[in-house]
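Before any comments, here is the structure.
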Amino acid sequence: MQDLESRIRALITPKQLSVLATLTPDGRAWARYMVSFGQDDFSIIYATYSGSRKVKNIERNPRVHVTMGAKEAMEPVDYLQVVGMAEVLTDENSRHHYWQNDFTAFFSGPDDPSYAVIRVVPERIEYVSMRELNHAETEIWEA
């Protein structure tokens, strides 16, 4: 299990483009690309607009799905499928703690009222090893 956790940590922690899926009020999945960065405890962090549709979806239903790790469509690389619970953090401490300077492209600073943090806490992570394009092996980590 320790080896699996270290491989998950290696894929989850770098800042990267990932896909975050939430559920709409009528129960439909809605996915979007977002930049994520993971923590050592496997939680995944996103910066977002506090009034966004995804924030409203999470407030109604915090169950989310994240896909991350793939970089090229035809290159066999390991990736993660994450199922978990999301929370929207707007308190001053969280906004300052997770602030990164490249967020200034979207927000004036950590005190910008439109800046919010989404934190995904995984319940299940599938680590998909892609040795070749047509062969995948999946290992499961559960909280």
Shortest non-hydrogen contact between [X] and [Y], atoms and distance:
| X | Y | value |
| --- | --- | --- |
| Y98 | F37 | O-CZ, 3.7 Å |
| L17 | Y33 | CD1-CB, 3.8 Å |
| A47 | M34 | O-CE, 3.6 Å |
| F107 | T48 | CZ-O, 3.3 Å |
| S18 | S36 | OG-OG, 3.1 Å |
| T24 | N57 | CA-OD1, 3.8 Å |

message: I want to know whether F106 and Y115 have ring centres closer than 6.0 Å.
response: no
Do [X] and [Y] touch side chain to side chain, with heavy atoms closer than 4.5 Å?
| X | Y | answer |
| --- | --- | --- |
| L11 | D78 | yes |
| I140 | I125 | no |
| L80 | F42 | no |

Counterpart residues, side chain to side chain contact (heavy atoms under 4.5 Å, CB included), relative to A143 (two or more places apart): W141
message: What's the separation between atom CG in L23 and atom CH2 in W30, rounded to the nearest 0.5 Å?
response: 12.5 Å
For residues [X] and [Y]: do they belong to one hydrophobic cluster (side chain heavy atoms under 4.5 Å, members Ile, Leu, Val, Met, Phe, Trp, Tyr)?
| X | Y | value |
| --- | --- | --- |
| V66 | I45 | no |
| V19 | V64 | no |
| V82 | V88 | yes |

Do the side chains of [X] and [Y] get close enough for a salt bridge, i.e. N-O under 4.0 angstrom?
| X | Y | result |
| --- | --- | --- |
| R124 | E126 | yes |
| D112 | R95 | no |
| K54 | E59 | no |

message: I'd like to know whether CG of N101 has more than 12 heavy-atom contacts from other residues, nucleotides or ligands below 6.0 angstrom.
response: no
query: Taking only residues two or more places apart in sequence or in another chain, which ones pass side chain to side chain donor-acceptor pair (under 3.5 Å) with R9?
result: none
